[in-house]
Every structure is written in C-alpha cells, then in structure tokens.
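One structure is given here, and the rest of the page talks about it.
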Amino acid sequence: PFHGPAVDPPFPGPNPLSARIQYSSGPHPARPRMAQPFSPRRTPGGALNQPRQLIQVLQEYSIPLIIGVVAGLVVANVDHHYYEKLVDYRVFGSGIEVFGRPVTAHFLINDIFMVFFFGIAAKEITQSVLPGGALNPIPRAINPLAGTLGGVLGPVVLYFLLAWVFYGGTDDFSVVANGWGIPTATDIALAWLVARLAFGNGHPAVNFLLLLAVADDAIGLGIIAVFYPDPEHPVQPAWLLLTVAGMATAYVFRRSNLNYWPAYILIAGGLSWAGLAKSSIEPALALVVIVPFLPGPQRDPVPALEKAHPVSAPRRHGAGANPATHRPNALEQFEHQLKLFVDLGLFFFAFANAGVAFGSINAVTFIVLASLIAGKTIGVSCFSWAAVKLGFPLPAGMGMRHLAVAGLVAGLGLTVALFVAGKAFTGPPFQDPAKMGAVLSASVALLALVAAAVLKVKDGAGGKAKRP
C-alpha cells in the first residue's frame with residue numbers, strides 16, 4: 001500500500017488491490033517492475049514482529065476472503081435455515097430501516113461495507129490514470145486495454161450463447177440472460193496472487209494482468225451501476241441530484257486544497273450514497289464518483305513516474321531514502337488507513353454471499369463458470385493478439401503462451417462475480433446456482449498453475465529489472 005512520507009505504518013502489509021507497479025529510474029524510467037515480496041521485519045532486539053507479519057500474510061494471500069467463502073459454504077450446507085437467519089438478522093431491531101431497506105447484516109455488508117471496497121478499487125483506477133500511472137499515457141496501455149475489452153466481450157458473448165443453448169425457447173431464457181454481467185469482472189486480489197505464483201515475481205505478465213484487471217473492474221463498476229438497479233424499487237433519476245451534489249462538494253473541497261480524506265468520504269460520499277440509494281441504483285458504488293476528487297501526489301521535483309507510484313524507493317525508509325520527496329495526500333491516505341479494514345471485512349462479505357447449498361447447482365452454474373474460464377481466456381488472448389497485429393505489442397518478455405495463461409488467470413471472478421450474481425437474480429431458482437459458479441471460479445487458480453507449468457511461462461523474464 002502507499003505508506004506516507006516518513007514513518008512506517010502500523011500495518012505495512014501489501015495491497016492486493018494495487019497494481020503494484022514500480023518504475024525504475026535511469027535511462028529507461030518507464031519500465032515497470034514489480035514490488036519485491038515482503039520480508040519479515042525484526043524488532044531492535046532481532047525478534048520477528050509476529051503481529052505485523054501475521055497481518056501481512058493475511059492480507060497478501062487474501063486469507064479472510066478465502067476463509068469467508070469456506071465458512072459460508074459449510075454453514076449453508078450444514079443448516080441453510082440457520083445461515084439465512086444469520087445473514088438476514090436485523091442488527092438494530094425489526095423497526096429500523098434506511099430509505100425503506102431493513103438494516104440486516106446483509107444490508108450492512110453489501111450496501112455499507114462494500115462502499116469502501118469499491119472506493120479502494122476506484123482509488124486504484126484513479127491512480128492508474130495519473131501521470132506515470134499504469135494507464136498513462138494511453139498508447140502504453142493499448143494492448144492490455146484491448147485485452148480488457150476482450151475479457152469483457154468474450155464472457156458476455158459466451159454467456160448469451162450458453163444461455164440460449166440451455167434455456168432458448170423457454171420462459172426462463174430472459175431471466176437467465178439477465179446474468180450476463182456476472183462473468184465480466186476479475187478479482188484483482190486473487191488474480192495478483194495466482195499471477196505471482198504462475199509467472200514469478202517481477203515477470204511482465206504480472207504487470208500486464210494487473211493493468212487488465214484494474215481496467216476490467218472499471219468496466220464492471222459501470223455495468224453494475226447501469227444495468228443492475230434495485231428490482232424492488234423503480235429507478236428515480238431525480239434523486240441522483242444528491243449524488244451530483246456530493247460530487248460538487250468533493251470538487252469544492254479539492255479546489256479549497258482540503259487534504260483530509262474523511263471529509264470527502266463522510267460528507268461528499270454520504271450525499272452520493274443517499275442519492276444512489278434513493279434513486280434505486282446500487283449504493284455500494286457511492287465512492288466511485290467521489291474518490292477521483294481526492295488530492296493525489298503533488299507535483300514536485302521528483303520525476304513524474306516515481307511520483308505517481310510512491311511505493312517505489314521512498315517507501316524503503318532506510319539508506320538513501322529521502323522523505324522530503326514524498327508528501328502525504330488524501331488519495332493515498334484513504335487507502336492506507338482503510339485497507340486493513342477492507343481486507344479483513346471481506347471475510348464477512350464472502351460469508352454473507354458465498355453460502356450456497358451444493359444441491360442448488362444447475363445449468364446456470366456451468367454457464368457462469370464456463371463464461372469466466374473460457375470466455376476470459378479466449379477474449380483476452382484474441383483481442384490482445386489482434387492489438388499486436390495492429391502494431392501495439394505485448395510487454396517485452398511476453399509471448400502468446402504468457403498471454404494465454406494471463407487470460408486464464410483473469411477468469412478468477414470471485415468477489416465481484418458474487419456481488420453481481422446477487423443483483424442479477426433476486427432469488428431462487430437462479431441466484432444460488434449463479435453464486436456457485438462464481439465460487440467455483442476459484443478453481444481457475446489450479447488450472448492456471450497447471451497451464452503455467454505445462455507452457456513453462458515462469459522463465460524469469462523481467463526478473464533482472466534494475467532497482468530504483
């Protein structure tokens with residue numbers, strides 16, 4: 001994560017939502033280099049700092065999310081009635097509602113907690129388009145952006161095709177077809193983890209995949225907002241003026257040089273959330289339109305590429321570090337101070353959304369899973385290959401075999417796919433099977449590692465990048 005200028009943060013763990021791209025200085029300043037894996041810190045007496053190390057491992061390997069999925073599946077299959085009772089528990093009593101919505105555990109997780117999850121995703125997208133970011137300048141990102149387009153269109157086309165094969169000509173076709181958005185996004189945290197294992201630290205294919213995943217999730221957020229409003233409440237666009245007011249408030253804060261992120265999140269974000277909730281558009285996206293207004297890295301004598309990615313040399317506060325070259329800013333502090341909360345909170349999201357009985361598996365499960373695995377692999381590979389033919393090459397060190405494995409890893413759709421499944425289908429008989437397809441997409445990790453071994457993609461490319 002982005003740590004601030006001169007002091008070590010209380011929890012210096014890695015950021016599984018971050019593109020983790022650093023840029024080497026010298027004659028080739030734009031060459032990406034992956035951050036090195038962490039090494040356990042020692043106290044002045046030489047002992048390992050066990051709490052920090054444990055938290056770092058939990059964040060790095062998305063362990064809360066994985067445990068939440070397993071716990072949800074176990075409880076739901078042992079006693080599904082008890083599971084539903086837990087998820088639908090009214091935390092503050094039966095009489096408490098917010099804009100007509102009962103305040104259940106599910107509401108607090110999906111409509112409140114996920115605001116911060118998507119806010120951090122929006123932060124990564126914002127960071128990527130800043131000068132020196134992964135998607136700036138645009139020509140540098142054409143090939144992964146082409147792969148992103150394929151990674152969205154491929155699953156959508158395959159989803160509709162399979163839906164027609166299984167449900168064409170029936171009354172269920174239109175209902176099943178509404179789930180086309182489920183396989184469009186990629187779980188950035190798990191994709192980063194699997195990519196490192198498949199390609200090795202520092203491989204350019206890891207950078208490529210993470211650029212793709214960031215852009216992929218940007219499209220996914222748009223799909224959720226536009227195509228999946230609350231089915232129980234008709235859309236009321238007039239209330240979006242509250243969201244616009246939140247954006248205007250954030251703009252005024254920015255113009256006033258306010259560098260305190262809670263003001264943006266609580267005041268501007270609160271207005272945005274109220275506007276989306278009242279208009280019956282997914283309120284979890286409230287911060288997506290507010291986070292881009294948070295002040296980012298200041299322009300100072302530090303080269304732009306290093307300034308836009310302060311996770312490089314300044315984060316190592318040892319010899320040669322110059323704290324004066326990096327100033328704290330609201331955009332980075334927003335992520336730094338909330339990242340641990342979000343990473344641990346994903347346990348509750350996974351538990352509340354992944355609790356599906358194995359007996360609910362049907363054709364929709366296969367449609368979602370096949371669209372994620374085959375649709376992503378084919379779409380990413382074909383569109384990036386077409387970009388190569390049009391004169392936009394893959395990163396140095398990547399070939400078609402690396403591209404195929406990267407496309408396969410992009411099929412990890414767990415988190416966002418679960419979220420969209422809950423919006424696309426309001427309940428039986430298709431919601432649980434669709435969620436099971438999203439959960440089973442975690443099997444992509446094993447498939448990707450096998451493919452990586454067979455195709456021998458862990459070839460050390462990019463491993464000798466010069467350190468800043």
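Once rounded to the nearest 0.5 Å, the distance linking CG of Leu65 with CG of Asp343 reads 9.5 Å. Rounding to the nearest 0.5 Å places CG of Leu372 at 8.5 Å from OG1 of Thr184. Thr426 contributes atom OG1, which lies 7.0 Å from atom CD of Gln431 (distance to the nearest 0.5 angstrom). Atom CD1 of Ile281 is separated from atom CD1 of Ile224 by 12.5 Å, given to the nearest 0.5 angstrom. Taken to the nearest 0.5 Å, the CE atom of Met436 stands 11.5 Å off from the OG atom of Ser441. Here NZ of Lys435 is found 15.5 Å from CZ of Phe430. Values are rounded to the nearest 0.5 Å.
Remark: the backbone N or O of Val356 is paired with a side-chain donor or acceptor of Asn77 at under 3.5 angstrom. Looking only at distances, a side-chain donor or acceptor of Thr249 sits under 3.5 Å from a matching main-chain atom of Ala245. Distance alone, capped at 3.5 Å, places no donor-acceptor pair between the Ser280 side chain and the Val235 backbone. Put simply, the side chain of Asp217 never gets that close to the backbone of Ala185: no donor and acceptor are under 3.5 Å apart. A donor-acceptor pair under 3.5 Å is formed between the side chain of Tyr83 and the backbone N or O of Gly355. Remark: side-chain polar atoms of Asp111 are not paired, donor with acceptor, to backbone N or O of Phe107 under 3.5 angstrom. Under the 3.5 Å distance criterion, the side-chain polar atoms of Arg101 are matched with a main-chain donor or acceptor of Ala277. Tyr61 contributes no side-chain N or O that, together with a main-chain N or O of Leu190, makes up a donor-acceptor pair within less than 3.5 Å. For the pair Asn259 (side chain) and Ala330 (backbone), a donor-acceptor distance under 3.5 Å is present. At least one donor-acceptor pair closer than 3.5 Å links the side chain of Asp187 to the backbone N or O of Thr415.
When side chains are defined from C-beta on, Val420 counts as touching Val416, because their heavy atoms get closer than 4.5 Å. Contact check for Phe113 versus Leu346: side-chain heavy atoms found under the 4.5 Å cut-off. At least one side-chain heavy atom of Ile373 sits under 4.5 Å from a side-chain heavy atom of Leu408. By the 4.5 Å heavy-atom criterion applied to side chains, Phe349 and Leu418 are counted as neighbours. Side-chain contact between Phe92 and Glu97: absent, with no pair of heavy atoms (C-beta onward) separated by less than 4.5 Å. Residues Leu258 and Tyr264 have side chains in contact (heavy-atom distance under 4.5 Å, counting atoms from C-beta outward). Using a 4.5 Å cut-off on side-chain heavy atoms (C-beta onward), Pro295 and Arg254 make contact. Side chains of Gln59 and Leu340 form a contact here, defined as non-hydrogen atoms less than 4.5 Å apart.
Of all heavy-atom pairs between Pro64 and Leu58, the closest is CD-O, 3.3 Å. For Val409 against Val444, the heavy-atom pair with the smallest separation is CA-CG1, 4.1 Å. Across every non-hydrogen atom of Ala438 and Val368, the tightest pair is N-CG1, 3.9 Å. Here the closest heavy-atom approach between residue Ala354 and residue Val439 is recorded as CB-CG2, 3.9 Å. Leu412 approaches Ala442 most closely through the heavy-atom pair CD2-CA, 3.8 Å. Heavy-atom minimum distance, Thr186 versus Ala410: OG1-O, 2.9 Å.
Ring pair Phe347/Phe351 is parallel by interplanar angle, where below 30° counts as parallel and above 60° as perpendicular. Taking the six-membered ring where the residue is Trp, Phe118 and Phe419 present perpendicular rings, their angle passing 60° and hence far from 30°. Using bins of under 30°, 30° to 60° and over 60° for the plane-to-plane angle, the ring pair Trp180/Phe160 lands in the parallel bin.
One side chain, Asn353 or Asn110, offers a donor N or O that lies under 3.5 Å from an acceptor on the other. With no hydrogens or angles considered, a side-chain donor-acceptor pair links Gln337 and Gln333 at under 3.5 Å.
More than 12 heavy atoms of other residues, nucleotides or ligands lie within 6.0 Å of CZ in Phe253, so this atom counts as buried by the packing criterion. Heavy atoms of other residues, nucleotides or ligands lying less than 6.0 angstrom from OH of Tyr89 number 12 at most.
The one candidate from Val291, Ile188, Val342, Leu287 that meets the side-chain contact (heavy atoms from CB on, under 4.5 Å) condition with Ile120 is Val342.
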Query raised in the report: Which is it for Ser174 and Asn178 under the side-chain contact (heavy atoms from CB on, under 4.5 Å) test, yes or no, and what are the steps along the way?
Result: CA-CA 6 Å; Ser174 60; Asn178 193 51; over 6 Å; no

Query raised in the report: Does the pair Leu271 and Thr243 meet the rule for a side-chain contact (heavy atoms from CB on, under 4.5 Å), with working shown?
Result: CA-CA 6 Å; Leu271 287 171; Thr243 300; over 6 Å; no

Report task. Could you give me the CA-CA distance, side-chain angles and deciding distance for Lys278 and Gln236, then say whether side-chain contact (heavy atoms from CB on, under 4.5 Å) is met? Result -> CA-CA 7 Å; Lys278 291 290 289 183; Gln236 301 181 54; over 6 Å; no

Requested in this report: Begin with the C-alpha distance, continue with both residues' side-chain angles, and end with the deciding distance and a verdict on side-chain contact (heavy atoms from CB on, under 4.5 Å) for Glu84 and Val87.
Outcome: CA-CA 5 Å; Glu84 290 184 339; Val87 172; 5.8 Å; no

